> 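Just dropping this structure here.
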Amino acid sequence: MFFCCSRVIFHNAAVSALCLPRRSVRCSDPGISSVPVNIPADTVKLRLEKTLISRVPRAAFFNLSDLRFLWLNYNSITAIHPSSFVNLKALRELRLDGNLLTSFPWEGLRDMPRLQTLSLHNNRLSSLPAHASLFLPNITFLDLSSNRLTVLPAELLDLWLFPITLITRSLFVPGLHDNPWLCDCQISMVMSLSMSLASPVVLMDQGLVCSRSVDQWGTTLSQPELTRCTRPSVQPAATRVISPLGSNVILRCEATGYPTPTLTWIKSSLTCLFHDEVMQESPRVGVRWSIIILNGLSYKDAGEYRCQARNMAGLSEAPIKLRVVGVTSLSRFPKRKYPKTPLKLSTKYKRPNQTTSRTSSLSAKENQIPQNLTPSENKTASNLVSTELLTARRRRLNLTDANK
């Protein structure tokens, strides 16, 4: 049954097993210039088409919390407020075909967590911001055809080209045809991905055409000259590095590929290293090298470092193992070495030293001079002892010569 109210047509439909009424509203009066405010709150499908609506204000559909389908096709919309879709938690499909949009508030997609279909066909979009990819993980159908797009941001390509970001969905269908794409590696990779078997990305239209400039169309993406994209190849300066404790070390790697790959250093079991520790440089197109500087090595710096290179053609990495050597425990004082002395023979095997015994006896006699003598007597006694000592020394020398 259809109802007419302020140029708005209401259609009640019984759906679901409980036969609950679901309302569909369609408005196509060319005299309407703003979003109607008298739309029933239980509306699940709203079609505002072929009107003079030029802008969508903030919270324009706030009372339509049950809305699942919103079609705003072929109006004159030039601007959409970032908060236009507040409270549309159940919305599944949003179509804005045939308007005059030069930009789209991608951050507004946060207010539509269940949105799966977004159609921006036949507008005037000339670029896509890099942050748009942050709000597209749940979108399975994105129609960007018939716009003025020339390049795709690398962040959006990462969303499509790397399967790790596609775990939550089994298929993604983008519409990219009828845009003046430049003949670059980005578009070539999207085309190649969509043509590969078991790919999660399937283009709506495979007949993409690119140009050498915005004003010259006609080059198809299947031509051989567009297959320039090459997966990165990583070459480290050394695969094993041994450095002493407390020293400084530099790890270096070089990557080649097209487009020029980006490099990231990753340590095993840790997150990516800080940017202020890494230096990168691109000496020419397709080549990039990077170094990481580690000052004052400690044992926690030891481990495996991976130099990871990435571009839209793929990802590759090379490991570098760093070993830190040094004292691993408290040092012990070295034992003091004493000079070796010859072993002493036992007394029973020792040959008596006659010279030593004679010298000892003479010394004893020398000390046996009486202390109570007069000076003249003392002088005489000393002379006698001296004569006796001289005689004893002569005998000792003769005995030594005889022994020799």
Side-chain angles (χ1 to χ4, degrees), residues 6-9 25-37 39 43 45-62 64 67 69-86 88 91-112 115-136 139 141-153 156 173-182 187 203-205 208-211 213-217:
S6 300
R7 300 192 179 107
V8 179
I9 298 178
V25 178
R26 185 180 65 185
C27 179
S28 58
D29 192 330
I32 296 179
S33 59
S34 60
V35 177
V37 295
I39 301 173
T43 301
K45 185 174 183 178
L46 175 61
R47 297 176 61 179
L48 301 177
E49 301 173 329
K50 299 179 181 180
T51 70
L52 295 179
I53 298 175
S54 60
R55 58 184 297 271
V56 181
R58 180 177 183 179
F61 312 99
F62 185 83
L64 306 178
L67 195 64
F69 303 92
L70 177 58
W71 291 12
L72 303 173
N73 297 331
Y74 300 100
N75 297 289
S76 302
I77 301 175
T78 59
I80 299 177
H81 194 277
S83 300
S84 297
F85 310 111
V86 172
L88 297 183
L91 195 67
R92 305 293 179 85
E93 185 174 310
L94 175 60
R95 292 185 178 272
L96 291 159
D97 302 350
N99 284 282
L100 304 175
L101 293 173
T102 57
S103 62
F104 179 78
W106 299 96
E107 60 273 17
L109 298 179
R110 292 179 297 188
D111 298 321
M112 300 173 284
L115 189 68
Q116 296 178 346
T117 299
L118 176 60
S119 180
L120 297 170
H121 166 74
N122 193 17
N123 277 273
R124 298 180 179 180
L125 301 176
S126 59
S127 63
L128 292 176
H131 70 271
S133 60
L134 300 176
F135 311 104
L136 295 175
I139 302 296
F141 180 90
L142 177 62
D143 192 355
L144 299 172
S145 61
S146 301
N147 278 276
R148 302 176 181 179
L149 301 174
T150 57
V151 295
L152 289 173
L156 190 60
V173 182
L176 303 177
H177 52 282
D178 296 333
N179 281 283
W181 301 111
L182 294 177
I187 299 301
L203 290 177
M204 290 176 54
D205 189 345
L208 298 187
V209 178
C210 74
S211 60
S213 64
V214 178
D215 299 328
Q216 297 179 359
W217 285 32

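The structure displayed is predicted, hence computed values, not measured ones. Index from 1, following the sequence.
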> Quick check for you: to the nearest 0.5 Å, what is the distance between N147 atom CG and H177 atom NE2?
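The NE2 atom of H177 is 10.0 Å from CG of N147, to the nearest 0.5 Å.
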> Measuring from atom CG of L136 to atom CG of L156, what distance do you get when rounded to the nearest 0.5 angstrom?
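Going from CG on L136 over to CG on L156, the span is 6.5 Å.
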> To the nearest 0.5 Å, what is the distance between CG (D178) and CZ (R148)?
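Interatomic distance, D178 CG to R148 CZ, rounded to 0.5 Å: 13.5 Å.
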> Are the side chains of M204 and F141 in touch, meaning some heavy atoms are under 4.5 Å apart?
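M204 vs F141: side chains touch.
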> Do the side chain of N179 and the main chain of L144 share a donor and acceptor less than 3.5 angstrom apart?
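Side chain of N179 to backbone of L144: a pair is present.
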> Just list the side-chain donor-acceptor pairs under 3.5 Å for residues 50-57, sequence neighbours left out, or say none.
{"from": "T51", "atom 1": "OG1", "to": "I53", "atom 2": "N", "distance (Å)": "3.3"}
{"from": "T51", "atom 1": "OG1", "to": "N75", "atom 2": "OD1", "distance (Å)": "2.5"}

> For the residue pair P36 and L48, establish whether any side-chain heavy-atom pair is separated by less than 4.5 Å.
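Answer yes - side chains close enough.
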> Rounded to the nearest 0.5 Å, how far does SG of C27 lie from CD1 of I39?
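If I round to the nearest 0.5 Å, the distance is 7.5 Å.
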> What's the separation between atom OG in S126 and atom CZ in R124, rounded to the nearest 0.5 Å?
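One gets 11.5 Å once the value is rounded to the nearest 0.5 Å.
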> Considering residues at least two apart in sequence or located in another chain, which fulfil the side-chain hydrogen bond (donor to acceptor under 3.5 Å, both in side chains) criterion with D143?
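With sequence neighbours excluded, D143 shows a side-chain hydrogen bond (donor to acceptor under 3.5 Å, both in side chains) to S145, given in chain and number order.
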> State, yes or no, whether a side-chain contact exists between L94 and M112 at a heavy-atom distance under 4.5 Å.
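Counting from C-beta outward, L94 and M112 do come under 4.5 Å.
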> Can you name the nearest heavy-atom pair linking R95 to T117, along with the distance?
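Minimum heavy-atom contact is NH2-CG2, 4.2 Å.
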> Closest heavy-atom contact between P153 and A130?
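Heavy atoms only, the tightest pair is CB-CA, 4.1 Å.
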> Which heavy atom of Y74 sits nearest a heavy atom of N122, and at what distance?
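Reported closest heavy-atom pair: CE2-ND2, 4.4 Å.
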> F104: what forms a ring-ring contact (aromatic ring centres under 6.0 Å, His included) with it, not counting sequence neighbours?
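With sequence neighbours excluded, F104 shows a ring-ring contact (aromatic ring centres under 6.0 Å, His included) to W106, given in chain and number order.
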> Does a side-chain heavy-atom distance below 4.5 Å link T102 with T78?
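They are not in side-chain contact.
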> Take L46 and F61 through the test side chain to side chain contact (heavy atoms under 4.5 Å, CB included) and record every step on the way to the result.
CA-CA 10 Å; L46 175 61; F61 312 99; 3.9 Å; yes
> Kindly indicate whether the side chain of R26, heavy atoms from C-beta on, has any atom under 4.5 Å from the side chain of K45.
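No, every pair of side-chain atoms sits at 4.5 Å or beyond.
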> With a 4.5 Å limit on heavy-atom distance, are the side chains of F85 and L70 in contact?
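The answer is yes; the side chains approach within 4.5 Å.
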> With D97, which residues qualify under side-chain hydrogen bond (donor to acceptor under 3.5 Å, both in side chains), at least two apart?
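Partners of D97 under the side-chain hydrogen bond (donor to acceptor under 3.5 Å, both in side chains) test: S119.
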> Looking at every heavy atom in both I139 and L115, which two are closest together, and how far apart are they?
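Closest approach of I139 to L115: CD1-O, 3.4 Å.
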> Is the shortest side-chain heavy-atom distance between L176 and L208 below 4.5 Å?
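Heavy-atom side-chain distance check passes, below 4.5 Å.
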> Keeping N123 on the side-chain end and L96 on the backbone end, is there a donor-acceptor pair under 3.5 Å?
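A pair under 3.5 Å: yes.
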> The criterion is side chain to side chain contact (heavy atoms under 4.5 Å, CB included); which residues satisfy it with Q116, sequence neighbours excluded?
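Q116: side chain to side chain contact (heavy atoms under 4.5 Å, CB included) contacts with T140.
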> Contact between L100 and I77 at the side-chain level, heavy atoms closer than 4.5 Å - yes or no?
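A side-chain contact is absent here, since even the closest heavy-atom pair is not under 4.5 Å.
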> How close do L149 and S127 get, counting heavy atoms only, and between which atoms?
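That would be CD2-N, 3.5 Å.
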> What residues form a side-chain hydrogen bond (donor to acceptor under 3.5 Å, both in side chains) with W71, not counting sequence neighbours?
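Result, side-chain hydrogen bond (donor to acceptor under 3.5 Å, both in side chains) vs W71: E93.
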